[in-house]
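What follows is a single structure, written as structure tokens, with notes after it.
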Protein chains: 2
Amino acid sequence: MSPRNTDVSAQVDELPAVCSVIEVLNRVSGKWAIGILIEATRGPVRFTELERAINGISRRMLTLTLRNLERDGLLERTVYPTVPPKVEYEATPRARELYEYLMGLTGWAERHRGAIAAARADYDRREGAVA
Amino acid sequence: MSPRNTDVSAQVDELPAVCSVIEVLNRVSGKWAIGILIEATRGPVRFTELERAINGISRRMLTLTLRNLERDGLLERTVYPTVPPKVEYEATPRARELYEYLMGLTGWAERHRGAIAAARADYDRREGAVA
DNA sequence: CGGGATCCCTGGAGATACTG
DNA sequence: CAGTATCTCCAGGGATCCCG
């Protein structure tokens, strides 16, 4: 609503395509969401397991990202009232479906990775020459 | 390399899946890239046309995003040396292929949009009750 | 028309320390 | 073990003005 809006919802009144893709990206964006989703798609995974698996993530961001994914119904959080506590996260069917489409992107990325790197190097060479 | 790295390349040594998806997201992320890609996929489009079509984008961000997409070989930029100048952008085949996968995400988003909104409302009600 | 250059602000993310 | 709470920093993005 305010012009100081980093969220992309401002485009929602645009083409529906933009709107929807943007929605996906919004919840899957952020440095860590995808990594977590991938781990949680393999099966139930504990907080500390994620923390170690993800490599570089801070406790804070792990928590925040988990909460957001849970909020959107992409992760199910199960608390075992034991001592010490045990909490497991697992991807919901909805998240697993999303995962499939993400794998589509993965394929694209892998196929074009080299070409893109080359294009980028080319561009930088040309523009670097100008400047 | 530095810890002050917002880029997700730090995960590159992780599972290849994470790595690749992240790569895609990195270049398609940002508030405007997708909108531009969609417009440019329909056919050649001029700078000012984009500016009006995208709704809310600033000149600065339009330029920046266009440059990045061009750099990655996702857009082709054609300058007609007329007066006044005329510049057209069009999606490359590579971008069109990406576009297909983005449409997969679109479908997912549209199918789950309602459920996600509901899940979110639910979550907020529960958590709001606690706090 | 199609940009560049500059200044500013915000929100995402890191570091660190504490708790049930 | 599984988080919270605070502080801080920086890069993405908005606003504005200038230029060939």
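A, B, ... follow the sequence lines: proteins, then strands. Residue 1 opens every chain. Keep in mind the model is a prediction, meaning the values are calculated, not measured.
The 5' end of DNA chain C is approached more closely, in terms of each residue's nearest nucleotide, by K86(B) than by the other of I57(A) and K86(B).
With a 6.0 Å radius and a threshold of 12 heavy atoms from other residues, nucleotides or ligands, E88(B) has its CD atom above the threshold.
At whole-Å resolution of the value, NZ in K31(B) and P in dG12(D) are 14 Å apart. Regarding W32(A), its CH2 atom lies at a distance of 12 Å from the C1' atom of dG12(C), rounded to whole Å. We find that CG of N26(A) is positioned 13 Å from C1' of dG11(C), with the value rounded to whole Å. Atom pair R59(B):CZ and dG3(C):P shows a separation of 10 Å (rounding to whole Å applied). Look at CD on E51(B): it is 14 Å from P on dT16(D), rounded to the nearest Å. Atom pair E70(B):CD and dG3(C):P shows a separation of 9 Å (rounding to whole Å applied).
At dG3(D), none of the side-chain N or O atoms of R60(A) fall inside 4.0 Å of OP1 or OP2 (strictly under the cut-off). In terms of phosphate contacts, R67(A) brings a side-chain nitrogen or oxygen within less than 4.0 Å of OP1 or OP2 of dT4(D). Residue S58(A) places none of its side-chain N or O atoms closer than 4.0 Å to OP1 or OP2 of dA15(C).
Counting non-hydrogen atoms under 4.0 angstrom, Y89(B) reaches the backbone sugars and phosphates but no base.
Set against dC1(C), dG3(D), dC1(D), the side chain of R46(A) has dC1(D) as its closest nucleotide.
A salt bridge is defined here as a Lys NZ or Arg NE, NH1 or NH2 lying under 4.0 Å from an Asp or Glu carboxylate O, and R52(B) with E39(B) fails to meet this definition. Contact check on E51(B) versus R46(B) returns no salt bridge, with no Lys/Arg side-chain nitrogen under 4.0 Å from an Asp/Glu carboxylate oxygen.
Using a 4.5 Å cut-off on side-chain heavy atoms (C-beta onward), F47(A) and T63(A) make contact.
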